[in-house]
Protein chains: 2
Amino acid sequence: MASIREVAKLAGVSPATVSRVMNGTAKVDDEKRERVLQAISDTGFVPNAVARSLFKKSARIIGLIIPSITNPFFTQMASAIEKAADEQGYRLIFCNTGTDLEKEKASLTMLESMNADGIILTTSHEEIESYVNQCKVPVIVTDRLFKENKDYNHVHCDHYTGGRLAMEHLLDCGCKKIVCVKGPQQISSAKARYDGYRDVCEEKQVQEYTIDCDYDFNEGLVMTEQLLNQYPDVDGIIACNDMVALSIYKILRKNNIEVPEQIQLIGFDGIYLSNLLTPELTTIAQPIEEIGRKAAELIIHKEENDMGEKEYIFKPALVVRQTTKKKGEGE
Amino acid sequence: MASIREVAKLAGVSPATVSRVMNGTAKVDDEKRERVLQAISDTGFVPNAVARSLFKKSARIIGLIIPSITNPFFTQMASAIEKAADEQGYRLIFCNTGTDLEKEKASLTMLESMNADGIILTTSHEEIESYVNQCKVPVIVTDRLFKENKDYNHVHCDHYTGGRLAMEHLLDCGCKKIVCVKGPQQISSAKARYDGYRDVCEEKQVQEYTIDCDYDFNEGLVMTEQLLNQYPDVDGIIACNDMVALSIYKILRKNNIEVPEQIQLIGFDGIYLSNLLTPELTTIAQPIEEIGRKAAELIIHKEENDMGEKEYIFKPALVVRQTTKKKGEGE
DNA sequence: AGCTAGTTTGAAACCGGTTTCAAAGAACGA
DNA sequence: TCGTTCTTTGAAACCGGTTTCAAACTAGCT
């Protein structure tokens, strides 16, 4: 409530001096400093962040544009971003897009007009590119690339290798007929994962079986029924992400199919949920927290980084748990 | 980038006129309006939100202070808040506290200095009260009350009735030895739930069995082992929330105990996860989205509301799914 | 003492919209 | 035609910190 001018008046100095005491931007006479500090504590003065950010052109804010706040993958990433941001006095603004392009655009301009210091964007639309280009605020693209070429700061995981790891693991486990539940192929991560699967199929001279599915739990329920119809003798399933893996598991159990005895199942992402369930899900884990932290750091330390079209790729890791098992091995 | 003064110069009018055209706050000559609109579109002018909020003393921001962004209960609530906020052009700022009192305080002052229009707070500390009182920004307390008396705007669920419903349901199902996994009793919701359980015990002349546990998955794992040791003949468990119920289920399965055949299990909250798992969890569901929406609306329409010490209580509902079953009934 | 160099300090401009207030212009009646 | 009232418009103040710039003061040297 109190303003810097009131504090200044009370301390018998100018607003400039109060500002200097608060920020340590210049030397202030000891006796005056004491009076200022006293006045600040007497009035309970808290500097107005809006006024400061108007002048500084920085609101110490990071914008996070993601498809959904309830999706565990994004909340885990968000949590890591929030942690890194909070440590440096930055705040997070959440923008839920539901993958709606118009909302993505609106969030971009809105965050820019709020003097955000940077934006972390997970998009599903190539068309967003021109808007990202116009944006004066640095944009870090995470998880999903929206361009084949590397003109932007990308932080993501090597999904292609992930796809290979998943397939190789199921083959290792002795599966003969492995179905890949492909995610939406316009999303780069889904496509790369499938590419990895397909390349292993080719290399190992194994027949490829696929089914299309959204990155969505409910969609997974429907597609699994269809999968079982289409491939009744399937013995291994690669889900496009962990949430879909959960829905697949649910339908398998509903059909009294034992996992991993009859069908083995592997997910993608390594969200914390994959570890909580019974049974625990075998999955290709991304270092979600590291991705989030890296993205936040790129913005927070943008002065040190040149912010020039870089790509940061993390390695996925196979995490073997309870939904896969080498055939012939006992408990 | 362009400022309102540049737009004004280009259109040959004053900044005031540009402002009036944008906001429709006063009549502007048709021909001038056209010139202004043209200049806006030529320059791609987007008004700076910070400058506006400095004058308006409103940043069209809602602060959300919660213990964790990854906890599904809070993300579901947050999602509903975000939706209601977005519809009215408000943005959400997330503050993760990890139940740390200092972080709660810091978030409160920070949000106030950002000219936030309101704050939605889920706290675990009574001590926060004096800070909430000092806050000029309206604070809505959700989920957990921090005072017995009702001096604040509270939006929450009738946890006491929830506790009763859970216990009555397990009795209905024929359970004889029902253990209540009590949540942290300094948190009002946990206490109310336990009170409900206890009162039903008294009324029905049933022996009360309890075990203490945090609202936390990992804690649940440990406490369940202890529970099985302490009450080997338990046949019904009331978990303090759904996440703890998941962990209880995990340990029960690890001990080869069938649910619901040997032990019946009921959770609390009705997070969407409770429905995704296999088996689906019987739970006492809160109307999480309604709670979030109500809290957001109280802030967005604060002018219409008198904002004077009101309490909004929602009713919980028993959702019977697969972890409970009336004894003696077949599939 | 007189002069220069260095330090502390406050007045005022600034950030970029918004709003007030009074002036200028339009419309209308006498 | 003149006066009155109503409308449109822009100059300037405002929101509340921050920073510049020059004045005032201190210290050090001749």
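No hydrogens, no waters, no symmetry mates; every other heavy atom, side chains included, goes into these values. All chains are named by letter (A, B, ...) in the order of the sequence lines, taking the proteins before the strands, and each is independently numbered beginning at 1.
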A.B. asks: Do the non-hydrogen side-chain atoms of B:Lys56 and B:Asn115 ever get within less than 4.5 Å of each other?
C.D. replies: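 Counting from C-beta outward, B:Lys56 and B:Asn115 never come under 4.5 Å.
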A.B. asks: So if I take residues 105-119 of chain A and measure heavy-atom distances to DNA chain C, which residues fall below 4.0 Å?
C.D. replies: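 Contacts with DNA chain C under 4.0 Å: none.
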A.B. asks: Does B:Ala2 or A:Gly12 map to a spot on DNA chain C nearer the 5' end, using the closest nucleotide for each?
C.D. replies: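 That would be A:Gly12.
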A.B. asks: Does one side chain, of A:Ser124 or A:Thr99, offer a donor that lies under 3.5 Å from an acceptor on the other?
C.D. replies: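 No, because no side-chain N or O of A:Ser124 sits under 3.5 Å from a partner of the opposite role on A:Thr99.
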A.B. asks: Before giving the answer on side chain to side chain contact (heavy atoms under 4.5 Å, CB included), spell out for A:Leu298 and A:Tyr312 the whole-Å C-alpha distance, their side-chain angles and the decisive distance to 0.1 Å.
C.D. replies: CA-CA 10 Å; A:Leu298 284 175; A:Tyr312 300 86; 3.5 Å; yes
A.B. asks: Using salt bridge (Lys or Arg N to Asp or Glu O under 4.0 Å), reason through A:Glu102 and A:Lys105 one step at a time and then give a plain yes or no.
C.D. replies: CA-CA 5 Å; A:Glu102 291 309 314; A:Lys105 290 182 196 170; 3.2 Å; yes
A.B. asks: Remember a base hit wins even if backbone is also touched, and classify B:Val13 as base, sugar-phosphate or nothing at under 4.0 Å, heavy atoms.
C.D. replies: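 Sugar-phosphate only.
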A.B. asks: Could you give me the CA-CA distance, side-chain angles and deciding distance for A:Leu145 and A:Glu311, then say whether side chain to side chain contact (heavy atoms under 4.5 Å, CB included) is met?
C.D. replies: CA-CA 10 Å; A:Leu145 289 72; A:Glu311 202 179 13; 3.8 Å; yes
A.B. asks: Taking for each residue the nucleotide of DNA chain D bearing the nearest heavy atom, is the 5' side occupied by B:Lys57 or by B:Lys27?
C.D. replies: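 Residue closer to the 5' terminus by nearest nucleotide: B:Lys27.
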A.B. asks: So that I can tick it off, tell me whether A:Glu290 and A:Arg293 are bridged by a salt bridge, with the cut-off set at under 4.0 angstrom between side-chain N and carboxylate O.
C.D. replies: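 No, A:Arg293 and A:Glu290 are not salt-bridged.
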A.B. asks: On DNA chain D, check which nucleotide each of A:Asn48 and B:Pro15 is closest to and give me the residue with the more 5' one.
C.D. replies: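 The 5'-side residue here is B:Pro15.
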A.B. asks: Look at A:Asp30 together with A:Arg33 and state whether they make a salt bridge at an N to O cut-off of under 4.0 Å.
C.D. replies: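 Salt bridge present between A:Asp30 and A:Arg33.
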A.B. asks: Which is true for A:Thr17 with a 4.0 Å heavy-atom rule: it touches a base, it touches only sugar-phosphate, or it touches nothing?
C.D. replies: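 Sugar-phosphate contact only - A:Thr17 comes under 4.0 Å of backbone atoms but never of a base.
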A.B. asks: Within the structure provided, determine whether B:Leu111 and B:Val137 are in side-chain contact (heavy-atom separation under 4.5 Å).
C.D. replies: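 No; the side chains remain at least 4.5 Å from each other.
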A.B. asks: Using a 4.0 Å cut-off to any heavy atom of chain A, which nucleotides of DNA chain D are the first and last in contact, reading 5' to 3'?
C.D. replies: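 For DNA chain D, the relevant span reads D:dG16 to D:dT20.
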A.B. asks: Taking CD1 from A:Ile4 and P from C:dT9, how many angstroms apart are they, rounded to a whole number?
C.D. replies: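 To the nearest whole Å, that distance equals 15 Å.
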A.B. asks: Using a heavy-atom cut-off of under 4.0 Å over every strand shown, decide if B:Val28 touches base, sugar-phosphate, or nothing.
C.D. replies: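 Counting heavy atoms under 4.0 Å across all strands, the contact made by B:Val28 is with sugar-phosphate only.
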